[in-house]
There are 2 protein chains.
Amino acid sequence: MRLRNVSYAKEKINAHPEYIVTVAREEKKLLNNLFNDSKPLHVEIGAGKGQFIHTMAKRNPDHNHIAIEMYDSVIVRALEKVIDDPLPNLYLVKMDAQQIDECFKESSIDSIYLNFSDPWPKARHEKRRLTYKKFLDKYKLLLKPGGLIEFKTDNRTFFEYSLKSFVEYGVNIHDLSLDVHAEVNPANIMTEFEEKFKDDGPIYKIIVSFKEEQS
Amino acid sequence: MRLRNVSYAKEKINAHPEYIVTVAREEKKLLNNLFNDSKPLHVEIGAGKGQFIHTMAKRNPDHNHIAIEMYDSVIVRALEKVIDDPLPNLYLVKMDAQQIDECFKESSIDSIYLNFSDPWPKARHEKRRLTYKKFLDKYKLLLKPGGLIEFKTDNRTFFEYSLKSFVEYGVNIHDLSLDVHAEVNPANIMTEFEEKFKDDGPIYKIIVSFKEEQS
């Protein structure tokens with residue numbers, strides 16, 4: 001997502017440690033400790049302006065939610081939603097997704113959400129795609145056994161790539177839609193991006209879990 | 001595919017045993033014996049009017065091809081193409097796809113093609129879909145190790161179903177396109193149906209091979 005620079009973003013983020021934490025590059029912080037209970041944990045990676053995860057958290061008060069986003073000028077919009085409508089079961093975290101395996105307990109996450117992630121279309125940027133196998137290694141480590149990855153995008157070639165990457169890695173497909181908006185589905189929570197572009201072409205979605213190791 | 005009845009179809013089929021053979025219900029016939037050589041073998045199941053397999057056979061004289069179709073009034077159109085332009089490496093076979101495992105040697109087929117198969121959308125007809133697991137059992141038996149299934153359809157929900165069925169069964173994805181005609185690809189051979197409907201919505205395609213058993 002491209003967003004114009006928000007001049008006051010950094011200042012605002014630093015002013016609200018009760019809603020948002022920053023994990024510096026190379027820093028290790030155990031984000032599970034943000035919550036004092038053991039409710040199911042849902043993590044959105046690349047949470048953008050936060051509409052999806054804020055709606056999720058609001059709908060599911062008995063679950064905990066963490067929204068990870070790297071860019072000040074984007075996550076500040078999520079922060080503004082949280083300031084307007086604070087939720088005890090939602091934290092924002094400004095950090096690079098590369099570091100997630102250093103910041104969560106193993107087998108501690110129930111679901112990971114990847115919504116309209118940057119497709120990084122150039123082949124030389126493959127390693128940056130959030131469905132690249134090195135990222136799947138991290139997700140597998142952090143998800144509970146049977147935990148889910150929900151992946152949604154409007155980018156056809158990125159979806160094709162991701163589907164191949166998942167299947168090659170070894171997953172079970174729990175749900176698959178090649179046109180999320182072909183049917184009315186009140187359970188589908190939209191991001192700001194999805195709301196804006198859903199009529200321009202299909203939105204693709206897949207929900208997978210990793211295959212258990214054979215022992 | 002719905003096709004009006006062709007009154008002379010049966011008669012014409014019976015008049016050309018040099019191009020087309022009929023396998024009656026419950027009959028066993030070894031179709032590999034249609035060819036006297038050991039060239040790679042490609043089989044289209046539900047060949048319709050035959051444009052796809054006739055073009056394939058023409059382009060690949062060093063490979064053998066068998067087109068299976070159940071309906072007289074459809075396969076007679078394929079027969080007419082073969083009468084106009086006979087090819088030594090193409091046979092038509094009128095039979096029910098249910099019987100294929102009785103009519104080929106095990107591990108004898110290089111590729112199986114499923115083009116715009118009947119989606120059988122009703123849940124109670126799932127077992128008739130050519131990507132139902134019982135059919136996958138048959139394909140696995142008949143394909144050489146590493147042999148390919150190419151599946152193409154314009155039916156979104158049938159593609160979603162088939163993709164899940166393949167992945168659940170255990171396959172490697174060799175190629176995947178959620179919009180075959182988004183890019184110009186001279187290698188894509190079209191069926192009559194595809195030619196007619198390609199501008200009405202995306203054509204979906206996947207090429208898979210079965211995972212080898214772990215020993």
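Every chain is numbered from 1, with letters handed out A, B, ... down the list of sequences.
- Looking at A:N172, there are no atoms closer than 4.5 Å to chain B (heavy atoms on both sides), in backbone or side chain.
- Between chain B and the options A:I173, A:L178, A:V171, heavy-atom pairs under 4.5 Å are most frequent for A:L178.
- The local environment of CD in B:E168 is sparse, with at most 12 non-hydrogen atoms from other residues, nucleotides or ligands closer than 6.0 Å.
- For CD of A:E26, the number of neighbouring non-hydrogen atoms (other residues, nucleotides, ligands) closer than 6.0 Å is 12 at most.
- Interface with chain A: from residues 136-166 of chain B, residues B:R156, B:F159, B:E160, B:L163, B:K164 qualify, criterion being any non-hydrogen pair under 4.5 Å.
- By the 6.0 Å contact criterion, NZ on B:K211 is enclosed, its count of non-hydrogen atoms from other residues, nucleotides or ligands being greater than 12.
- The number of heavy-atom neighbours closer than 6.0 Å to CZ of B:R25, taken from other residues, nucleotides and ligands shown, is 12 or below.
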